[in-house]
Amino acid sequence: MNNSENNTAPAPGAAEPSGFIRQMIARDLASGKHGGRVHTRFPPEPNGYLHIGHAKSICLNFTLAEENGGLCNLRFDDTNPLRESQEYVDAIKDNIRWLGFRWHGEVRYSSSYFEQLYEFARQLVRKGRAYVCALSPEEAREYRGTLTEPGRNSPWREREPEESLDLFARMRAGEFRDGELSLRAKIDMASPNINMRDPILYRIRHADHHQTGSQWCIYPTYDYTHCISDAIENITHSLCTLEFEDHRPLYDWILRYLDIESLRAASDLRDADVAYVLPEQTEFAKLRISYTMMGKRFLRAMVEEGKVDGWDDPRMPTLAGMRRRGYTPASIRNFCEAVGVTRSESLVDIGMLEHAIREDLDRNAPRAMCVTRPLKVVLSNFEAGRVDRLQMPRHPKREELGSREVSLTREIFIEREDFSENPPAGFKRLVAGGEVRLRGAYVIRCDEIVRNAGGGIDELRCSVDFNTLGKRPEGRKVKGVIHWVSASEGKEITVRLYDRLFLGENPAPKSVEEVFDGINPDSLVQLDGCVLEPGALDDAAGDHFQFERTGYFFRDRQAQTGGAAVFNRTISLRDTWKRTEV
RNA sequence: UGGGGUGUCGCCAAGUGGUAAGGCACAAGGUUUUGAUCCUUGCAUUCGUUGGUUCGAAUCCAGCCACCCCAGCCA
């Protein structure tokens, strides 16, 4: 097929690309449609933090470019100064880099094209394809008609281009108030597609912009800006979500009625020896995940009303939150790949996301022991003062990760739920008079339960079978293995257990109140006084761990809780033990 | 009920006229000093539905049904 030097397409014999977008790209490459180029872009509006849904789009755009030897721009679609800020710009750049993607060249801003956009608008006016309208926003809505009735022409629709040009210049000069005048495309007020009923191209907004300051008091709309920005950047494939499908005719209309030579002259490749081809928009379904709510407006409300700690609260589906929770870039990228890209709207089971992070962390996270709800155990035949320094592998399957030292002493802690006086059927842990293996150490037997005045269990007295280190006990089988930490050597830490933020499988809220009503009251459980094996706090040990038998945890270095280190539970271990209710 | 879309296993998703990939979940075995991981096996006679075309249809045609999006000077 294609033998050109920069052919990065799958090797001969490799499977055909699968998925409608990859196939489209393969087709376009084969037909030379865009001169053999693939140039995508990720175009966020800096009006909030990025979430896992954006990650799908980021992965799509960047990997598509990567796979095809193409380029991907980062462009802030910053045409509405009222809702945007530099804080979001910075956070978004940071998130994308964290995911491991590198955009082509400098960061782009639609706002840096404002001057060209203004000039193109004048061109449309001169061609009689746009006019300055004096309908108020309310009147404009009335004139637009409804879904089933056509709209009516604005009384200003036939204004002479010269007059519109003059008015447009005076709009820019600040002679009018917000909403007093607007620039509209002259298309078709009777179109069944409401987006084609003379859409607004420019509106007056006396507001400072985070990039352009007080330079402008008129701002172009999304529809007008996006297609031209794509054309300026020589984007070939402009990917967006399904709700923009009805906007595609407008995207194409604007570019078609602009002089192509003037577009080329404004583009990045104006001096390059390549064919100038207009970008094309393709839509795909946005990501939805069960038990997860992704609406920006609602996420913002959660932050502003203090329902969570901030945009980076580990319960938030934001990239900042997931990062702090302990999700890795690889897990998110794998997840996005697994979920696929289609045009059908689906609700992905959150179990898929959980699988992706478990898969990565199982492979890569070093192991450690942490007791979250400590129960003291005194090893009666282990002399006080004695310290056994035991070696345990950092990872059960990856010897190359080396070993860690764990100290066994007379007094240790075990998990409260690893001891039971009334064990349910199939209980494999410690019971009165029973034996259990201390992970990486000896088998112990529970000889005595020491109670407090209230009848609660204070501690356990156990005896060690010293003939069981690294080998099976003689003459019997010990099924259970439990984790433990030395009482004297262990470090006290705080652990935060996270659960899903929302109770509903498909939270599709209509109002902010509804969002708040759906919050899981147990989405965060903080456990103080947990005990961790000391070596895990060394900086060299890293921040991701599997606390054996418990889950994957990530050290939260931003959290402040009076000295104790904080670990966030990224995700629990899979638990297939079928507990039978007693 | 104007326009634009989508319907393949519980959840994602391949498939593009030649007789239903894969992943998640689930189930059953095996290994295991993590009830984890890993391994093995099972899991759609059927592709929203009804008709039609064809030797042959998830794939082509027609009708019907269900669901999603659009009436911001938001993106």
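If you're wondering where the values come from, they're calculated on a predicted model, not measured in any experiment. Order of the sequence lines fixes the chain letters, A, B, ..., with proteins taken first and strands second; residue numbering starts at 1 for each chain. Heavy atoms only: backbone and side chains are in, while hydrogens, waters and symmetry mates are out.
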Show, in sequence, the C-alpha distance, side-chain angles and deciding distance for N467(A) and E474(A), and conclude whether the side-chain hydrogen bond (donor to acceptor under 3.5 Å, both in side chains) test is met. CA-CA 8 Å; N467(A) 194 29; E474(A) 287 169 13; 3.1 Å; yes

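The pair E337(A)-R22(A) counts as a salt bridge, with a side-chain nitrogen and a carboxylate oxygen less than 4.0 angstrom apart.
As rounded to the nearest Å, A21(B) and C47(B) have P atoms that lie 15 Å from one another. A20(B) and A44(B) have their P atoms separated by 12 Å, given to the nearest Å. With both ends at atom P, the span from G10(B) to C26(B) equals 15 Å, rounded to whole Å. Taking atom P on both nucleotides, A57(B) is separated from U50(B) by 15 Å, rounded to a whole Å. Spacing between U49(B) and G7(B) at atom C1', rounded to whole Å, works out to 11 Å. Taking the C1' atom of each, G63(B) and G42(B) are spaced 40 Å apart, rounded to whole Å. Comparing the C1' positions of A71(B) and G3(B) gives a spacing of 12 Å, expressed to the nearest Å.
Within 4.0 Å of H226(A), counting heavy atoms only, lies no atom of the nucleic acid at all. The residue A356(A) sits apart from the nucleic acid: no heavy atom pair falls under 4.0 Å. L135(A) comes within 4.0 angstrom of a base, heavy atoms only. G179(A) comes within 4.0 angstrom of a nucleotide base, judged by non-hydrogen atoms across all strands. Across all strands shown, Y219(A) has no heavy atoms under 4.0 Å from either base or sugar-phosphate atoms.
Using Watson-Crick or G-U wobble geometry with both donor-acceptor distances under 3.5 Å, U37(B) finds no partner in any strand shown. Base pairing of C43(B): no nucleotide in any strand meets the Watson-Crick or G-U wobble criterion (both distances under 3.5 Å). Using Watson-Crick or G-U wobble geometry with both donor-acceptor distances under 3.5 Å, A20(B) finds no partner in any strand shown. When both distances must be under 3.5 Å, the Watson-Crick or G-U wobble mate of G56(B) does not exist. The base-pairing partner of U49(B), taking Watson-Crick or G-U wobble contacts with both distances under 3.5 Å, is G63(B).
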Base, backbone or nothing for each nucleotide of nucleotides 34-43 of chain B, written B, S, -, heavy atoms under 4.0 angstrom, 5' to 3'? BBSBS-----

A correct 5'-to-3' footprint of nucleotides 9-22 of chain B, with B, S and - meaning base, sugar-phosphate only and no protein heavy atom under 4.0 Å, is --BBSSSB------

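Atoms CG (N195(A)) and C1' (A75(B)) sit 12 Å apart, rounded to a whole Å. Straight-line distance from the CG atom of L147(A) to the C1' atom of C68(B): 14 Å, rounded to whole Å. What separates NZ of K477(A) from P of U33(B) is a distance of 12 Å, to the nearest Å. Going from atom CZ of R152(A) over to atom C1' of A71(B) covers 14 Å, rounded to whole Å. Taking atom CD1 of residue I218(A) and atom P of nucleotide C73(B), one finds them 17 Å apart after rounding to whole Å. For the pair Y291(A) OH and A25(B) P, the interatomic distance rounds to 15 Å; values are reported in whole Å. Atom CG in N193(A) sits about 13 Å away from atom C1' in G5(B), given to the nearest Å. Here the C1' atom of nucleotide G5(B) and the CD atom of Q281(A) are 13 Å apart, to the nearest Å.
Under the ring-ring contact (aromatic ring centres under 6.0 Å, His included) criterion, H483(A) pairs with no residue at all, not counting sequence neighbours. For D246(A), the side chain to side chain donor-acceptor pair (under 3.5 Å) criterion is met by no residue, not counting sequence neighbours. Remark: E180(A) engages F176(A), R177(A) in a side chain to side chain contact (heavy atoms under 4.5 Å, CB included) (not counting sequence neighbours). With sequence neighbours left out, Y291(A) forms a ring-ring contact (aromatic ring centres under 6.0 Å, His included) with no residue at all. Every residue meeting the ring-ring contact (aromatic ring centres under 6.0 Å, His included) condition with H544(A), not counting sequence neighbours, appears here in chain and number order: F554(A). Taking D465(A) as the reference, R476(A) meet the salt bridge (Lys or Arg N to Asp or Glu O under 4.0 Å) condition, with sequence neighbours excluded. For the side chain to side chain contact (heavy atoms under 4.5 Å, CB included) test, residues two or more places apart in sequence or in another chain that qualify with S403(A) are Q391(A). Applying the ring-ring contact (aromatic ring centres under 6.0 Å, His included) test to Y109(A) and every residue at least two apart in sequence or in another chain returns F76(A).
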Exercise answer: donor-acceptor pairs, residues 143-153 of chain A side-chain atoms, under 3.5 Å, sequence neighbours excluded:
unit_1	atom_1	unit_2	atom_2	d
T146(A)	OG1	T148(A)	N	3.2
T146(A)	OG1	E149(A)	N	3.1

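Ring geometry for H209(A) versus F114(A): interplanar angle over 60°, hence perpendicular rather than tilted (30 to 60°).
In this structure, G72(B) is classed as syn because its glycosidic torsion stays within 90° of zero.
Between L242(A) and R343(A), some side-chain heavy-atom pair lies under the 4.5 Å cut-off.
Comparing U33(B), G5(B), G72(B) by their closest approach to the side chain of R472(A) singles out U33(B).
For the contact set between residues 73-85 of chain A and RNA chain B, defined by any heavy atom under 4.0 Å, the members are D77(A), T79(A), N80(A), R83(A).
A donor-acceptor contact under 3.5 Å is formed by the side chain of D246(A) with the base of G3(B).
Formation of a donor-acceptor pair under 3.5 Å by the R367(A) side chain with backbone atoms of P393(A) is not found in this model.
Neither OP1 nor OP2 of C70(B) sits under 4.0 Å from any side-chain N or O of R197(A).
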